[in-house]
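One structure is given below, encoded as structure tokens.
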Amino acid sequence: MFQIDLKNRKPIYEQLVEKFKELIINDVLKADEKIPSVRDLAKQLTINPNTIQKAYRELERQGYIYSVQGRGSFVSKKIEKVDKEKVEKLKNEIIKNLSELIYLGFEKKELIKLLEETYDRVKGGKNK
């Protein structure tokens with residue numbers, strides 16, 4: 001389920017956050033589905049439980065998961081509250097990356113096709 005790159009400069013907890021978000025966004029993990037306990041995931045990945053706990057706290061802060069006392073952590077339904085600062089940061093990253101692709105010679109048609117393919121992949125096809 002998870003592959004952590006120990007040679008990566010990005011901290012392990014950030015890698016975990018990204019992997020979980022990817023699984024949630026791509027509907028691999030469904031709303032209200034229980035995610036592995038901190039202890040189980042720490043054993044499975046052979047990393048410190050505190051690292052897992054830090055990733056879970058960050059996912060909960062961002063609204064991707066929620067905790068139920070004594071039962072564990074679960075995938076949240078679609079995020080209701082929009083973090084305007086996060087959205088603005090993501091938009092700026094997209095603009096930066098699109099600018100670089102344009103500089104490298106991508107045509108408008110190619111950029112639109114890339115956007116449509118990405119949207120369809122995340123949303124599960126054109127019929128959704």
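Along the sequence shown, residues carry numbers from 1.
- Note that the NZ atom of K91 and the CG atom of L98 stand 13.0 Å from one another [nearest 0.5 Å].
- Hydrophobic clustering, with ILVMFWY side chains joined whenever heavy atoms are under 4.5 angstrom apart, keeps L114 apart from Y119.
- Separation of atoms CD1 (I24) and NZ (K30) is listed at 12.0 Å; rounding is to 0.5 Å.
- At a threshold of 4.5 Å between non-hydrogen side-chain atoms, the residues N50 and Y13 do not count as touching.
- When atom types are taken as modelled, the side chain of S73 and the backbone of I35 share no donor-acceptor pair closer than 3.5 angstrom.
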_side-chain contact (heavy atoms from CB on, under 4.5 Å) between D27 and V122, intermediate numbers included_ = CA-CA 8 Å; D27 241 6; V122 171; over 6 Å; no
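- R57 places a side-chain heavy atom less than 4.5 Å from the side chain of Q53.
- Side-chain atoms of Q15 come within 3.5 Å of backbone atoms of D5 as a donor-acceptor pair (strictly under, hydrogens ignored).
- Rounding to the nearest 0.5 angstrom, the gap separating the CG atom in L101 from the CG atom in L104 is 6.5 Å.
- Distance check, rounded to the nearest 0.5 Å: CD1 of I65 to CD of E33 gives 12.5 Å.
- The same ILVMFWY cluster, assembled from side-chain heavy atoms under 4.5 Å apart, contains both L41 and L6.
- No side-chain heavy atom of L23 sits under 4.5 Å from any side-chain heavy atom of V75.
- Considering every non-hydrogen atom in both N48 and A42, the closest pair reads C-CB, 4.4 Å.
- The ring pair (Phe, Tyr, Trp, His ring centres under 6.0 Å) test applied to F106 returns no partner, not counting sequence neighbours.
- The existence of a salt bridge linking E93 and K96 is excluded, since no basic side-chain nitrogen approaches an acidic carboxylate oxygen closer than 4.0 Å.
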*asked:* Run K21 and L59 through side-chain contact (heavy atoms from CB on, under 4.5 Å) and show every step you take.
replied: CA-CA 8 Å; K21 284 167 65 170; L59 286 163; 3.7 Å; yes
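- More than 12 heavy atoms of other residues, nucleotides or ligands lie within 6.0 Å of NZ in K34, so this atom counts as buried by the packing criterion.
- Rounding to the nearest 0.5 Å gives a distance of 11.0 Å between CG of L90 and CD1 of I95.
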*Do L45 and T51 pass the side-chain contact (heavy atoms from CB on, under 4.5 Å) test, and can you show the C-alpha distance, the side-chain angles, and the key distance before you say yes or no?*
CA-CA 11 Å; L45 298 175; T51 303; over 6 Å; no
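- Shortest non-hydrogen contact noted between D32 and F74 is O-CD2, 3.4 Å.
- Around atom CD of E117, more than 12 heavy atoms belonging to other residues, nucleotides or ligands sit under 6.0 Å away.
- Using a 4.5 Å cut-off on side-chain heavy atoms (C-beta onward), E110 and K113 make no contact.
- Separation of atoms CD1 (I12) and CD1 (I52) is listed at 8.5 Å; rounding is to 0.5 Å.
- Note: Y56 and F20 have perpendicular aromatic rings, judged against thresholds of 30 and 60 degrees for the angle between ring planes.
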